[in-house]
Amino acid sequence: MTLTSKHKFVSTLLLILIFSDCKENQEGVSTRFKRLGVNETGVDFNNTITETEAINYFTYPYLYMGGGVAIGDINNDGLQDLYFTSNMGENKLYL
């Protein structure tokens with residue numbers, strides 16, 4: 001099956017459009033989110049997964065998808081609290 005010149009042109013144009021949007025953040029450009037470190041947030045959580053012969057990707061295909069994150073006011077203080085669940089470690093609640 002050969003591509004016509006029209007298909008080649010459209011494919012090339014699509015690739016150019018996709019890759020032209022991939023660029024690093026430049027100064028003066030506003031972004032919606034800002035990465036905050038552990039010192040700023042106080043949140044230090046890592047979902048570490050240790051594979052064994054019994055527990056691995058082939059026996060549990062969803063192993064690397066993570067446990068989950070929930071946001072809600074757990075202690076009724078009017079502030080949002082974070083709850084992180086881990087696949088193999090301890091879950092953590094940040095008030």
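Throughout, numbering of the chain's residues begins at 1 and tracks the sequence. Here the structure is a predicted model, which is why all the values come from computation and not from measurement.
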Please set out all donor-acceptor pairs under 3.5 angstrom arising from side-chain atoms of residues 34-41, sequence neighbours excluded.
residue	atom	partner	partner atom	Å
Glu40	OE1	Gly37	N	3.0
Thr41	OG1	Gly37	O	3.1
Thr41	OG1	Val43	N	3.2

- Task: Please name all residues satisfying ring-ring contact (aromatic ring centres under 6.0 Å, His included) with Tyr57, sequence neighbours left out, ordered by chain then number.
- Result: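 For Tyr57 there are no ring-ring contact (aromatic ring centres under 6.0 Å, His included) partners, ignoring immediate neighbours.
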- Any residue meeting ring-ring contact (aromatic ring centres under 6.0 Å, His included) with Phe9, in chain and number order, not counting sequence neighbours: none
- Item | Value rounded to 0.5 Å, distance of CZ in Phe45 from CG in Leu82 | 11.0 Å
- Would Leu79 and Leu95 count as a side chain to side chain contact (heavy atoms under 4.5 Å, CB included) if you check the C-alpha gap in whole Å, the side-chain angles of each, and the deciding distance to 0.1 Å? CA-CA 8 Å; Leu79 301 172; Leu95 302 176; over 6 Å; no
- Query: Can you list the residues that meet the side-chain contact (heavy atoms from CB on, under 4.5 Å) rule with Asn56, with sequence neighbours excluded?
  - Reply: Glu51, Phe58, Thr59
- What residues form a side-chain contact (heavy atoms from CB on, under 4.5 Å) with Thr12, not counting sequence neighbours?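 Applying side-chain contact (heavy atoms from CB on, under 4.5 Å) to Thr12 gives Ile16.
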- Message: Quick test of your reading: applying side chain to side chain donor-acceptor pair (under 3.5 Å), list the pairs with at least one residue in residues 85-95, sequence neighbours left out, ordered by first then second residue.
- Response: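 Residue pairs passing side chain to side chain donor-acceptor pair (under 3.5 Å), neighbours aside: Asn47-Ser86, Asn47-Asn87, Tyr83-Asn91.
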- Exam field: side chain Asp73 to backbone Gly78, donor-acceptor pair closer than 3.5 Å: yes
- Message: Keeping Asp81 on the side-chain end and Ile74 on the backbone end, is there a donor-acceptor pair under 3.5 Å?
- Response: yes
- Following the transitive rule for hydrophobic clusters with a side-chain heavy-atom cut-off under 4.5 Å over Ile, Leu, Val, Met, Phe, Trp and Tyr, establish whether Phe84 and Leu93 coincide in one cluster. no
